[in-house]
2 protein chains.
Amino acid sequence: MGGVRRTPQRTAVLETLGRCREFVSAQELHALLAGGGSAVGLTTVYRALRALDRAGLVDVVRDETGERLYLRRPTDEHRHYLICRRCGRSQPVDARDVEAWAERLGETTGFAELEHTLELSGVCRPCRRPTAATPNGAADAGR
Amino acid sequence: MGGVRRTPQRTAVLETLGRCREFVSAQELHALLAGGGSAVGLTTVYRALRALDRAGLVDVVRDETGERLYLRRPTDEHRHYLICRRCGRSQPVDARDVEAWAERLGETTGFAELEHTLELSGVCRPCRRPTAATPNGAADAGR
DNA sequence: ACACTAGATGAAAATGATTGTCAAGACCGA
DNA sequence: TCGGTCTTGACAATCATTTTCATCTAGTGT
Ligand SMILES: [Zn+2]
Ligand SMILES: [Zn+2]
Ligand SMILES: [Zn+2]
Ligand SMILES: [Zn+2]
């Protein structure tokens, strides 16, 4: 009985997501899918992403509005990213120190089943230009 | 010209928030205010909380649904909290190591104006009872 | 005390991501 | 091939938060 079933929709979602080099929202992914032939229902995109999240195959961050953004994860352990508030570019950071710190937290606080989310943001070098004004060359690359 | 104006509504929001020992949502705060004589419009509660946030007078966390929760901050520097997923109890943690780590991140990555949010959750000791069943004594304290 | 105006209020409507519904369709083992 | 289970997707429903906009007011200057 039962198991996760292989369907063209899920395949499409995973493939399209895999092609994305930056974090994308469910809505954006849905649009991308619609654009490239394979139209998948928005509801299905949400469900697929949630499944991928549970399966640990994607990293999830929330932007300032609370919207969830997904990125296919290369490794098998969770990561944290530094994301540019201007252009959306993301860069994985080495957070092993934080991971260790978080782990230790369980022992010192008496809390169990610890979980953590760490959102890092800033302004990347390319996005930092002299005086303002300039509408930023490659205007808003991506999200 | 210009400035923040002192109004009874803002006073009420700040006072009521100050009385809360745990994180509360804007909606909850609005209900509390309505309960205790001073009725303040929901919109105003939202605006007041946003202002308090900008002023750095409150700590803000987002629960798993993305809803924002506020707690009046005792000190003048930001803090991180470990929050129980069962009862909502919160406990400030010493995150100086993480703060230092985050600070260093700017130098190594070239990103500027770094910001970070760190959400920690777990299950507190009182919420961990033998086998399930028992509806947990002080059933759901708070949120 | 009075007038004046940038700020502030709040009821109601809009927004927008996410989830629930449920009938119709597809996968896969027997 | 058959049937039960898992999936899909159009659409409606949620729900926190934001906009709108007409009305009010704190606070400054006269
Ligand atoms: Zn950038
Ligand atoms: Zn981590
Ligand atoms: Zn607890
Ligand atoms: Zn911090």
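For the numbers below, each heavy atom of this structure counts, side chains included, while hydrogens, waters and symmetry mates do not. Note that this is a predicted model, so its numbers are computed, not measured. To find a chain, count down the sequence lines: A is the first, B the second, and so on, and within it residues start at 1.
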*Is there a donor on the side chain of A/Arg5 or the base of D/dT5 sitting less than 3.5 Å from an acceptor on the other?*
yes
*Which nucleotide sits closest to the side chain of A/Gln9: C/dT9, D/dG9, D/dT17?*
D/dG9
_Nearest-angstrom distance from the residue atom CD of B/Glu28 to C1' of D/dT17_ = 15 Å
_Main chain of A/Arg5, side chain of A/Arg10: is a donor-acceptor contact present, judged purely on distance under 3.5 Å?_
yes
*asked:* With a 3.5 Å distance limit and no angle check, can you tell me whether B/Thr108 reaches the backbone of B/Leu105 through a side-chain donor-acceptor pair?
replied: yes
*How many Å lie between CG on B/Leu42 and P on C/dT9, as a whole number?*
13 Å
*Given DNA chain D, 5'-ward residue of the pair B/Arg62 and B/Thr7, judged by closest heavy atom*: B/Arg62
*Contact nearer the 5' end of DNA chain D, comparing B/Tyr46 with B/Pro8*: B/Tyr46
*Look at the side chain of B/Arg10 against the base of C/dG7 and say whether a donor-acceptor pair falls under 3.5 Å; ignore hydrogens and angles.*
no
*Let me know the distance between CZ of A/Arg50 and C1' of C/dG20, rounded to the nearest Å.*
10 Å
*What's the CD-P distance between A/Gln27 and C/dT19, to the nearest Å?*
11 Å
*Rounding to a whole Å, what distance do you find between B/Leu33:CG and C/dT9:P?*
12 Å
_What I want to check is whether an N or O donor and acceptor connect the side chain of A/Thr43 with the base of D/dA10 at under 3.5 Å._
yes
_I'd like to know if the side chain of A/Glu119 reaches the main chain of A/Val61, judged simply by a donor and an acceptor atom lying under 3.5 Å from each other, with no hydrogens or angles considered._
no
*asked:* Can you measure A/Arg6 atom CZ to C/dG25 atom C1' for me and round it to whole angstrom units?
replied: 19 Å
_I'd like to check the side-chain contact (heavy atoms from CB on, under 4.5 Å) partners of A/Gln91; sequence neighbours left out, ordered by chain and number._
B/Thr109, B/Phe111
*Whole-Å distance between C/dA17 P and A/Asp63 CG?*
10 Å
*Looking only at N and O atoms, is any donor in the side chain of B/Arg47 or the base of C/dG10 less than 3.5 Å from an acceptor on the other one?*
yes
_Among C/dG10, C/dT19, D/dT18, the nucleotide that comes nearest once only the side chain of A/Arg68 is considered_ = C/dT19
*asked:* Any side-chain to backbone donor/acceptor pair from A/Ser38 onto A/Gly36? Under 3.5 Å, distance only.
replied: yes
*Between P of D/dT18 and CD of B/Glu67, the distance in whole Å*: 12 Å
